[in-house]
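Quick notes on the structure that follows.
Start at 1 and go down the list; that is how both ligands and their atoms are numbered. Computation of the quantities below employed the complete heavy-atom set of this structure, encompassing side-chain atoms and omitting hydrogens, waters and symmetry-equivalent molecules. Here, residue 1 is the first one in the sequence, and each next residue gets the next number.
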Amino acid sequence: MSAMLEVRNATVTFPRPAADGGRLTAVGGATFALQAGEILGLVGESGCGKSSLGRAILGLVPLAAGEIRWRGRRIDTVPREAFRPLRRELQLVFQDPAASFDPRMTIAESVAEPLRALVPQLSAPDRAARVEAILGEVGLAVELAARYPHQLSGGQLQRAGIARALIVDPAFLVCDEPVSALDVSVQGQIVNLLARIRRERGLACLFISHNLAVVAHLAERILVMHRGRIIEDGLRDEILQAPRHPYTRTLLDSVLAVEPVAARRLIAARPSSRDAVAAPELTP
Ligand SMILES: Nc1ncnc2c1ncn2[C@@H]1O[C@H](COP(=O)(O)OP(=O)(O)OP(=O)(O)O)[C@@H](O)[C@H]1O
Ligand SMILES: [Mg+2]
């Protein structure tokens, strides 16, 4: 069986800020595959190219070289306007929920937006029913639907961000630092929510974070990225117990040094695919 998502030698470049005509290589030839229902972690320090890779998979930035296949079909060459049917299958959860919501729209309106755009034939009452159901699924009280983004906490807003991505019933989510803008006390709740949703829906996910402990809590397999390259690709337990690359060791040591208690708890209390709901809610 071929993988659901195959990324081969994906290369992303940007013009250099100095405008000398040169280009900066944000992603230098990334290769990996992701199976249906798999949560793949992508970890690395700030600026190493994680978001560029995630955005390239979603057709939001072009590849300079390489290819991306979704269910066997090449998608990196699909023009933006033809990407729409794919957008139902491949969705994004943003880092900063406050910045990703339009302040003039209610939560219900924002969450309904992808449905309006991608499933325009759906009637307004059907759309409202879908919004209500999805808000329940992510644990948001129905009263919050009529509120505006500034009236919600960061954690509530990220739940709404997840609802907005899920409402079109995607098969694959790119979660780009979905908890790093949140208080540590809320991070575990959102990670656990993603684990439960993934289990219940059989969703595949590329989970991006600079924090190896957060990635290790959720992912079965982890890619470690360093300066635009994937330097390690292995099962979570192999990577935690016997990292092959010295840089991975550095990432592990740094997270344990900076947040020893929270990090150890995240790493230890990993929800397995069977008992994610029973995993403890994480507190700092
Ligand atoms: N739109 C852009 N234009 C120019 N350069 C960019 C653009 N987006 C990213 N870059 C550059 O590409 C490199 C990789 O950035 P990217 O945002 O992919 O890293 P990241 O790993 O997601 O970092 P972070 O953890 O801070 O989110 C960086 O040097 C960044 O400055
Ligand atoms: Mg990023």
Which distance, rounded to the nearest 0.5 Å, do you find between the CG of Asn211 and the CG of Leu251?
-> 9.5 Å
What protein heavy atom is closest to atom 15 (O) of ligand 1, reported as residue, atom name and distance in Å?
-> Ser52 OG, 3.8 Å
Within less than 2.8 Å of the Mg ion (ligand 2), the count of protein N, O or S atoms comes to 1
Would atom 12 (O) of ligand 1 count as contacted, meaning some protein heavy atom under 4.0 Å?
-> yes
In terms of atom number and element, which parts of ligand 1 are under 4.0 angstrom from non-hydrogen atoms of Glu177?
-> 25 (O)
Provide, to 0.1 Å, the distance between atom 26 (O) of ligand 1 and the closest protein heavy atom, together with that atom's residue and name.
-> Ser46 OG, 2.5 Å
Classify the side-chain pair Asp126/Ser123 by whether it contains a donor and acceptor separated by less than 3.5 Å.
-> yes
Identify the closest protein heavy atom to atom 31 (O) of ligand 1: which residue and atom is it, and at what distance?
-> Leu24 CD1, 5.0 Å
Which ligand 1 atoms does Ala26 reach within 4.0 Å, using its non-hydrogen atoms?
-> 12 (O), 13 (C), 14 (C)
Measure the spacing between CZ of Phe207 and CG of Asp176 and express it to the nearest 0.5 Å.
-> 10.0 Å
First locate atom CZ of Phe172, then atom CH2 of Trp70, and finally report the distance between them rounded to the nearest 0.5 Å.
-> 6.5 Å
In this structure, atom 6 (C) of ligand 1 is nearest to the protein heavy atom Phe14 CD1, 3.3 Å
Protein heavy-atom partner closest to atom 19 (O) of ligand 1 - residue, atom, separation in Å = Gly49 N, 3.2 Å
Gap between atom CG of Leu63 and atom CG of Asn9 - 0.5 Å precision = 9.0 Å
In terms of its nearest heavy atom to atom 25 (O) of ligand 1, the top option of Lys50, His210, Arg23 is Lys50
Which option, Ser51, Gly47, Ser209, owns the non-hydrogen atom nearest atom 28 (C) of ligand 1?
-> Gly47
N/O donor-acceptor pairs under 3.5 Å from side chains in residues 221-232, not counting sequence neighbours:
unit_1, atom_1, unit_2, atom_2, d
Arg221, NE, Asp233, OD1, 3.0
Arg221, NH1, Ala33, O, 3.1
Arg221, NH1, Glu38, OE1, 3.3
Arg221, NH1, Glu38, OE2, 3.1
Arg221, NH2, Ala33, O, 3.2
Arg221, NH2, Asp233, OD1, 3.3
Arg221, NH2, Asp233, OD2, 3.2
Arg229, NH1, Gly28, O, 2.9
Glu232, OE1, Arg244, N, 3.3
Glu232, OE1, His245, N, 2.8
Glu232, OE1, Thr248, OG1, 2.9
Glu232, OE2, Arg244, N, 2.9

